[in-house]
Protein chains: 2
Amino acid sequence: MSAHTDLTRNQSLVLDRLEKAETPMSAYAILDQLRDDGLRAPLQIYRALDKLLDMGLAHRLESINAFVACAHPHCHASGLIAFAICEKCGQVSEFSDEIVRDRLAGWADREGFVVNRTTMEIRGNCRACAA
Amino acid sequence: MSAHTDLTRNQSLVLDRLEKAETPMSAYAILDQLRDDGLRAPLQIYRALDKLLDMGLAHRLESINAFVACAHPHCHASGLIAFAICEKCGQVSEFSDEIVRDRLAGWADREGFVVNRTTMEIRGNCRACAA
DNA sequence: GCCGGAATGTTATAGCATTACATTGCCGTG
DNA sequence: CACGGCAATGTAATGCTATAACATTCCGGC
């Protein structure tokens with residue numbers, strides 16, 4: 001029941017699942033949970049996810065082939081978001097750092113590299129799981 | 001003909017291929033090139049890659065499911081390496097930044113997050129391809 | 001009403017990675 | 001030397017992730 005009225009049915013279903021999940025979900029895990037809603041093929045999930053990623057409402061975690069709802073869906077800001085993924089409990093923290101962003105932008109400038117997209121993922125154990 | 005005499009046959013074969021490649025290679029691409037050397041199964045490649053990653057002689061690019069030889073195999077240093085991947089020509093630049101490393105370490109400290117591994121990948125176009 | 005574009009549905013297939021099990025080779029100890 | 005253990009290897013089968021290709025439906029603007 002998210003208030004994303006501009007989304008299509010499939011996109012809403014997928015986003016709702018991601019928002020209710022406590023940990024990242026694979027596309028196939030999402031699909032399994034949406035079979036009762038009539039979804040049957042992976043492509044239906046991937047298409048919805050593509051749009052959600054474009055809109056910044058969800059993120060892809062490259063290092064674990066999974067997806068999460070954006071923790072800050074209001075501010076579409078942030079050209080660079082970092083994720084900390086706990087390998088024990090699966091919890092993901094989303095954060096950003098101006099200085100890191102500036103450093104990477106500086107490197108790209110010097111090298112003449114035109115940036116499309118940056119991924120930054122820290123894997124380890126969260127405070128609770130490290131104890 | 002790398003001077004990695006401590007490596008097993010399969011590991012040497014895989015590393016040689018990576019070192020000779022101009023762009024990242026998928027495990028299956030490596031396999032295809034090593035069939036003449038007697039390798040037949042993906043697992044043989046993945047096992048060799050696992051060891052090479054452990055030793056820091058190769059890196060995995062999570063965002064494109066591919067592997068590269070480490071550009072600086074001598075210094076095993078660097079807890080944090082960043083990659084810039086050109087989406088046009090496939091060239092990969094490997095670099096590191098002390099300040100970025102410190103910022104991320106600082107975040108982890110404050111959060112009590114124990115880091116195992118960090119991946120940082122910038123995708124875009126290199127100077128030549130952006131022109 | 002009609003057209004065009006986006007979203008959807010469906011099937012098949014491509015690409016990436018691991019499980020499970022059998023075998024081999026090597027080294028250190030007794 | 002025999003033996004035991006361990007790492008590496010070989011092989012087959014399977015599972016997971018993602019996309020291609022094509023047909024259909026939905027919906028808003030003219």
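In this text the structure is predicted, and so the values were computed from the model without any measurement. Here is the naming used below: chain letters follow the sequence lines, and residue numbers restart at 1 for every chain.
- Nearest nucleotide to the A:Y46 side chain, out of C:dA7, C:dT18, D:dT19: D:dT19.
- Closest heavy-atom contact between B:A27 and B:I45: O-CG2, 3.7 Å.
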Solution key, residues 121-131 of chain B side-chain donor-acceptor pairs under 3.5 Å, sequence neighbours excluded:
unit_1, atom_1, unit_2, atom_2, d
B:E121, OE1, B:E62, N, 3.4
B:E121, OE1, B:S63, N, 2.9
B:E121, OE1, B:S63, OG, 2.5
B:E121, OE2, B:E62, N, 2.7
B:R123, NE, B:E87, OE2, 3.0
B:R123, NH1, B:S63, O, 3.2
B:R123, NH2, B:E87, OE2, 3.3
B:R127, NE, A:E111, O, 3.4
B:R127, NH2, A:R110, O, 3.0
B:R127, NH2, A:E111, O, 3.2

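- The distance between atom CG of B:N65 and atom P of D:dT17, rounded to the nearest whole Å, is 11 Å.
- What separates CD1 of A:I45 from P of C:dT10 is a distance of 13 Å, to the nearest Å.
- Residue A:D37 contributes atom CG, which lies 11 Å from atom P of C:dG9 at whole-angstrom precision.
- More than 12 heavy atoms of other residues, nucleotides or ligands sit less than 6.0 Å from atom CG of B:D54.
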Worked check of side chain to side chain contact (heavy atoms under 4.5 Å, CB included) between A:T118 and A:R101: CA-CA 10 Å; A:T118 300; A:R101 184 169 60 72; over 6 Å; no

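- Rounded to an integer number of Å, the gap from CG of B:L61 to P of C:dC16 is 13 Å.
- Atom P of nucleotide D:dT17 and atom CG of A:L31 are separated by 11 Å, given to the nearest angstrom.
- Rounded to whole angstrom, the span from the CG atom of B:D6 across to the P atom of D:dA7 amounts to 17 Å.
- B:R40 pairs by the side-chain contact (heavy atoms from CB on, under 4.5 Å) definition with B:Q44, not counting sequence neighbours.
- Whole-Å rounding puts the B:D54 CG to D:dA7 C1' distance at 14 Å.
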Distances under 3.5 Å between protein N/O atoms and the N/O atoms of nucleotides 9-13 of chain D, please, pair by pair.
unit_1, atom_1, unit_2, atom_2, d
D:dT9, OP1, B:T8, OG1, 2.9
D:dG10, OP2, B:N10, ND2, 3.0
D:dG10, OP2, B:Q44, NE2, 2.4
D:dG10, O5', B:Q44, NE2, 3.3
D:dG10, N7, B:R47, NH2, 2.4
D:dG10, O6, B:R47, NH1, 3.2
D:dG10, O6, B:R47, NH2, 3.2
D:dT11, OP2, B:R40, NE, 3.4

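- We find that the ring of B:Y28 and the base of C:dC16 stack, their centres lying under 5.5 angstrom apart and their planes tilted less than 30°.
- Each of A:A29 and B:K51 was assigned the nucleotide of DNA chain D with the nearest heavy atom; the assignment lying further toward the 5' end belongs to B:K51.
- Atom pair A:M25:CE and D:dT17:C1' shows a separation of 15 Å (rounding to whole Å applied).
- Inter-residue side-chain proximity for B:V92 and B:H59 is flagged as unmet; no heavy-atom pair is nearer than 4.5 Å.
- Looking at heavy atoms from C-beta onward, A:W107 lies in side-chain contact with B:S93 at the 4.5 angstrom threshold.
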